[in-house]
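The sequence lines fix the lettering, A, B, ..., with proteins before strands; numbering per chain opens at 1. All figures in this text were calculated on a predicted structure; none of them were measured in a lab.
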Amino acid sequence: MTPQYDPATIEPKWQKRWETDGLYNADVDPSRPKHYALTMLPYPSGDLHIGHWYAMTPSDARARYMRMKGYNVMFPMGFDAFGLPAEGAAIKRNIHPKEWTYANIERMRVQLRSMGAMFDWRREAISSDPKYYKWTEWFFIQLFKHGLAYRALAAVDFCPSCNTTLAREQVWGEDRHCERCGTPVVKKHLEQWFFRITDYADELLDFSSLDWPERVKTLQTNWIGRSEGASVVFHTEDGDPMEIFTTRPDTLWGATFMVLAPEHPLVDKVTSDEYREQVEAYKLQASRQSDIEREAVDKEKTGVFTGGYAINPVNKARIPIWIADYVLMTYGTGAIMAVPAHDQRDFEFARKYDLEIIPVIQPEGEPDLDGATMEEAYIGPGVMVNSGPFNGTRVTDAKGRKNPGIAAVIDWLEEQGIGREDVNYRLHDWLISRQRYWGAPIPMIYCQECGWNPVPEDELPVLLPDDVEWRPTGESPLKFHPTWKHTTCPECGKPAERETDTMDTFMCSSWYHLRYLSPDYDQGPFDPKEYDYWMPVDTYTGGIEHATMHLIYTRFFHKAGRDMGIMKGPEPMIQLRNQGMVLGEDSEKMSKSRGNVVAPDELVKRYGADTVRAYLMFFARWDQGGPWDSKGIGGPARWLKRVWALFHETAGEQPAPEGDTAAVERRLRRKVHQTLRSVTRDFEEFQFNTIVSSLMELLNEMQKAREQGAVGTAAWKEALELYLLMLAPVTPHIAEELWAEALGKPYSIHNQSWPQVDEEATREDEIVLIVQVNGKVRDRVTVPADVSEADAKAAALAAEGAQRFMDGQQPRKVIYVPGRLVNIVV
RNA sequence: GCCGAAGUGGCGGAACUGGCAGACGCGCACGACUCAAAAUCGUGUUCCUUCGGGAGUGUGGGUUCGAUUCCCACCUUCGGCACCA
């Protein structure tokens, strides 16, 4: 053992040994409890950055802790290897996306190994491997066969920079930009493939079996955006039905006009000749405006009258039909009933265009509302008025059927056959078509006669051709391949064409946790034996940015798979924890263009992986992250050097023959076991920063105990052993080295059990009681731990500081908190 | 506008169940070692102070013997959604 801590020597040595021994191989073993620890897989961009380390090494420490707790832990790793950057690189540098991707994977595997994580590399899965994407395609076919994948013409978001359509989840922010490249998206009308995720909207709102952060649950709940209400069918004067959705069926009697989205299919039909010109002009203007302009909230509402009229089915009132761009074709039915008295948007519109306002909800104890004089819509509770059979019915603030007014009206609508209880979601079906090359082909064939049919399953995978030209045209490069798309119809055998779009890569990552189970299995997407043992994922870690993308998709995928008889159980990932983000030293997001990127490889070279791991766990709360501080890493670096030095200098020493060490030993054992208790708790709660600080604190105490002659005693030996066991998940290399070289213990520390807290040892003999006078600390007294209340109070009252501040007065009240303090109130 | 999270020393952060605010680390200051520096070790480090003490966890109130912790109102920052009918 060298006197100098030299991570550059010991780290590669142990990494090699662990790997050749298969120390972290996880195999099905029904005799042991399993723990599937999963951390989000990286995209093979070419370099592992500090964010990967921040996500993965604390997750690794937690997985190692669970392993020491006796679980059979699987902690796999792989690559989300399809995707756009590969094509970008291909175009820019004239290198094949496959070559680029696999070269990056090679490089990143080496970098990943340098972390010293307990990855079971036998389970590595790469989503761009044919043996992987064969089953991505297979899943598509199963979804198609079960009616969960369909093709439809829709106005979809298209990124002009990435040259592909995007899912709604991939369009972000007020300016509706592409999640990947930041370019504002445009609308295109295209036929695309969708998954029916909306069929699962309600189930996705049920988080009861999940231990997930509230934040993620809230984000998903808002994203799904469930509204309860009713669908009601109005008719035009000509008898054409127009369905509307409303959350306020109790206000139906106050509907004084209707508004259609400019793109609504009935607009042309209801428009009278007299108004056709202005309607056409308005439609043209609306179509020219971007979504951003149209959806700007503060914009004044505009619209035009169509000349047509509808009949309100509840009271047969004849009401005008308008078109306005504040009604969106993408939500509900693209048509609304307008109740200006009780909806602020309708109110503003009615005032502007001088439309009738009829109050139908009267707030109790207030003067009667008057449509002519109201200054804003009334949206609070009250009693229904001007509402025929419902006059006098109470309306509360509650939504849906919980509101007596709404419940009564819904029942009546259903009786009358006018409408029905209904629910609407903000969530849209998942658009998965991408006009790009480097993705899993959509395994569908179009035949002029038979329509769309899936590729027969025994012909899977549909392989990507290698010889393509990547022209970023907005259409799939596969389309321009001379032969690839030409095939025959699986139904009739006549010439037919393949779908040339590829799948959203979120499709690949929706099931990667299943491919890890058996990455080489060829009878199905996964080996059922592995599935039955390992699933569900027990602990999933990753960034919050996937809350409304990957984390919704994978839940949908699992539930759909369950309904198709492929998967089991309600949810794929039971416990979720999010790490924060490591920012640059300038507190900005790290990026090459800002020049604030921290390169982990250099840090490993300079300090060693253990120090980098420890610093990442220590420098911030894991769930919050924060700016990198290059000076701060010196703390953990010094700490590990001091750990090394202490073990090196004292490991073999025997106790000094003379001197009574009983008190020192007791103090040391107390601190060791108190530390073990808090480290154990912190591992359970993912509080990695306090794990490291507790271990630093214990080292300081051990240093003191050393000076007091503890070295070589039984308590000292126990302290050294427990110290390394607690260190093992955090800094696995130095722990292994000291375990072998300083303590001479048999390989491997990573096969040891997590130690038990000796509660007896943690007990204090004496405690320091705080003495307060009127809530202010005035003194402290040392008393036996099992002091009686009377003795404690007496000691406090006698304390010099207490006497001084009591100023001769009699205590009015003396409060005793056992083990903590005495507060004297005068 | 709606929903959510968070505000603690110069900095990152700690504080279990309402009970010593500032653990641990960075930085800084001083000291030791050194010809000197780095490294290392030691001591100190919330602010004010007449050295008795006083103030202090975004602001203002409340509950309590006692509040970073619970309640009310507000301010700020960050994140999400946003004409969603």
Q. Tell me: CG of A:N700 to C1' of B:C41, nearest whole Å?
A. 13 Å
Q: Find the distance A:N774:CG to B:G54:C1' and express it as a whole number of Å.
A: 16 Å
Q: Name the nucleic acid region contacted by A:R642, choosing base, sugar-phosphate or nothing; use a 4.0 angstrom heavy-atom cut-off, strictly under.
A: sugar-phosphate
Q. Where the side chain of A:R215 is concerned, which of B:A6, B:C83, B:G4 is the nearest nucleotide?
A. B:G4
(Q) With syn defined as a glycosidic angle within 90° of 0 and anti as the rest, where does B:G56 land? (A) anti
Q) Looking at B:G54, B:A82, B:C65, which one has an atom nearest to any side-chain atom of A:R168? A) B:A82
Q | SB check A:E707 A:K704 (cutoff 4.0 Å) | A | no
Q: Could you tell me how the ring of A:H546 sits relative to the ring of A:H550: parallel (under 30°), tilted (30 to 60°) or perpendicular (over 60°)?
A: perpendicular
Q) Where the side chain of A:K631 is defined as all heavy atoms beyond and including C-beta, which of B:C84, B:G19, B:G27 is the nearest nucleotide? A) B:G27
Q: Give the rounded distance in Å between these two atoms: NZ of A:K704 and P of B:C41.
A: 16 Å
Q: Please work out if A:R778 contacts a base, only the sugar-phosphate, or nothing of the nucleic acid, heavy-atom cut-off 4.0 Å.
A: sugar-phosphate
Q. Hey, does A:G625 reach any base, or is it just sugar-phosphate, or nothing, if we go heavy atoms under 4.0 Å?
A. sugar-phosphate
(Q) Which nucleotide, if any, forms a Watson-Crick or G-U wobble pair with B:U68, using both distances under 3.5 Å? (A) none
Q.
Starting the side chain at C-beta, find the nucleotide from B:G13, B:C24, B:G79 nearest to A:A620.
A. B:G13
Q.
Can you tell me which nucleotide in B:A23, B:A85, B:U40 comes closest to the side chain of A:S693?
A. B:A23
Q. A:H428 has an atom NE2; how far is it from atom P of B:C81, in whole Å?
A. 14 Å
Q.
Suppose you measure atom P in B:A5 against the same atom in B:A85; what distance do you get, rounded to whole Å?
A. 22 Å
Q. Salt-bridged, A:R401 to A:E228, with N to O below 4.0 Å?
A. no
Q | Any donor-acceptor N/O pair under 3.5 Å between B:C84 base and A:R426 side chain | A | no
**Q.** Side-chain donor-acceptor pair present, A:D346, A:Y326, cut-off under 3.5 Å
**A.** yes
Q.
Counting the atoms with a prime plus P, OP1 and OP2 as sugar-phosphate, which does A:R812 contact under 4.0 Å by heavy atoms, base, sugar-phosphate, or nothing?
A. nothing
(Q) Between A:R638 and B:C26, is there a contact of a side-chain N or O with OP1 or OP2 at under 4.0 Å? (A) yes
**Q.** Nearest-Å distance once atom C1' is located in both B:C35 and B:G22
**A.** 41 Å
Q) Taking the P atom of each, how far is B:A21 from B:A73, in whole Å? A) 29 Å
Q. Is there a Watson-Crick or G-U wobble partner for B:U46 with both distances under 3.5 Å, and if so, which one is it?
A. B:A55
Q) With rounding to whole Å, what would you report as the distance between B:U45 and B:C26 at their P atoms? A) 16 Å
Q. Which part of the nucleic acid, if any, lies within contact of A:L821, taking any heavy atom under 4.0 Å across all strands shown: a base, the sugar-phosphate backbone alone, or nothing?
A. base
(Q) I'd like to know if A:D157 pairs up with A:R176 as an ion pair, taking the criterion as any Lys NZ or Arg NE/NH1/NH2 lying under 4.0 Å from an Asp or Glu carboxylate oxygen. (A) yes
Q) Which label fits B:G52, syn or anti, where anti is any glycosidic angle not within 90° of 0? A) syn
Q) For B:A38, which nucleotide in any strand shown is its Watson-Crick or wobble partner with both distances under 3.5 Å? A) none
Q.
Between the side chains of A:D211 and A:R577, is the shortest nitrogen-to-carboxylate-oxygen separation below 4.0 Å, so that they form an ion pair?
A. yes
(Q) Do the side chains of A:E759 and A:R677 get close enough for a salt bridge, i.e. N-O under 4.0 angstrom? (A) yes
Q. What nucleotide among B:C20, B:C16, B:C83 has an atom nearest to a side-chain atom of A:D325?
A. B:C83
Q. In whole Å, what separates the P atom of B:C65 from that of B:G10?
A. 34 Å
Q) Is A:E585 reaching over with its side chain to a backbone N or O of A:P627, donor-acceptor style, under 3.5 angstrom? A) no
Q. How far, in whole Å, is B:G58 from B:U8 if one measures between their P atoms?
A. 6 Å
Q: Could you please name the option among B:A85, B:C24, B:A55 that lies closest to any side-chain atom of A:E697?
A: B:C24
Q. Of A:D629 and A:G775, whose nearest nucleotide on RNA chain B comes first from the 5' end?
A. A:D629
Q | Interatomic distance, A:E585 CD vs B:G27 P [rounded to whole Å] | A | 12 Å
Q | Counterpart base for B:C78, defined by Watson-Crick or G-U wobble contacts under 3.5 Å | A | B:G4
**Q.** Out of B:A14, B:G19, B:A23, whichever nucleotide has its closest atom nearest the side chain of A:R621
**A.** B:A14
Q) Just checking A:F805: base, sugar-phosphate only, or nothing, at a heavy-atom cut-off of under 4.0 Å? A) sugar-phosphate
Q.
Rounded to whole Å, how long is the line connecting atom NZ of A:K641 with atom P of B:U40?
A. 5 Å
Q: Name the closest nucleotide to the A:M696 side chain, picking from B:G53, B:A85, B:C24.
A: B:C24
Q.
Among B:A55, B:C20, B:G12, which nucleotide has an atom closest to any side-chain atom of A:F618?
A. B:G12
Q.
Can you tell me the base-pairing partner of B:C24? Count Watson-Crick or G-U wobble geometry only, both distances below 3.5 Å, and say none if there is no partner.
A. B:G12
Q.
What's the gap between B:U43 and B:C48 when it is taken at their C1' atoms, as a whole Å value?
A. 24 Å
**Q.** A:R606 atom CZ: more than 12 heavy-atom contacts under 6.0 Å
**A.** no
Q | Most 5' of A:S694 and A:Q772 on RNA chain B, judged by nearest nucleotide | A | A:Q772
Q) Which whole-number value in Å describes the distance from A:W223 CH2 to B:C81 C1'? A) 8 Å
Q. Is any side-chain N or O of A:K301 under 3.5 Å from a base N or O of B:C83, one able to act as donor and the other as acceptor?
A. yes
**Q.** Complementary nucleotide of B:C33, counting Watson-Crick and G-U pairs under 3.5 Å
**A.** none
Q: Can you tell me, in whole Å, how much space there is between the C1' of B:C11 and that of B:G62?
A: 34 Å
Q.
From CG of A:N823 over to P of B:U64, roughly how many Å is that when rounded to an integer?
A. 15 Å
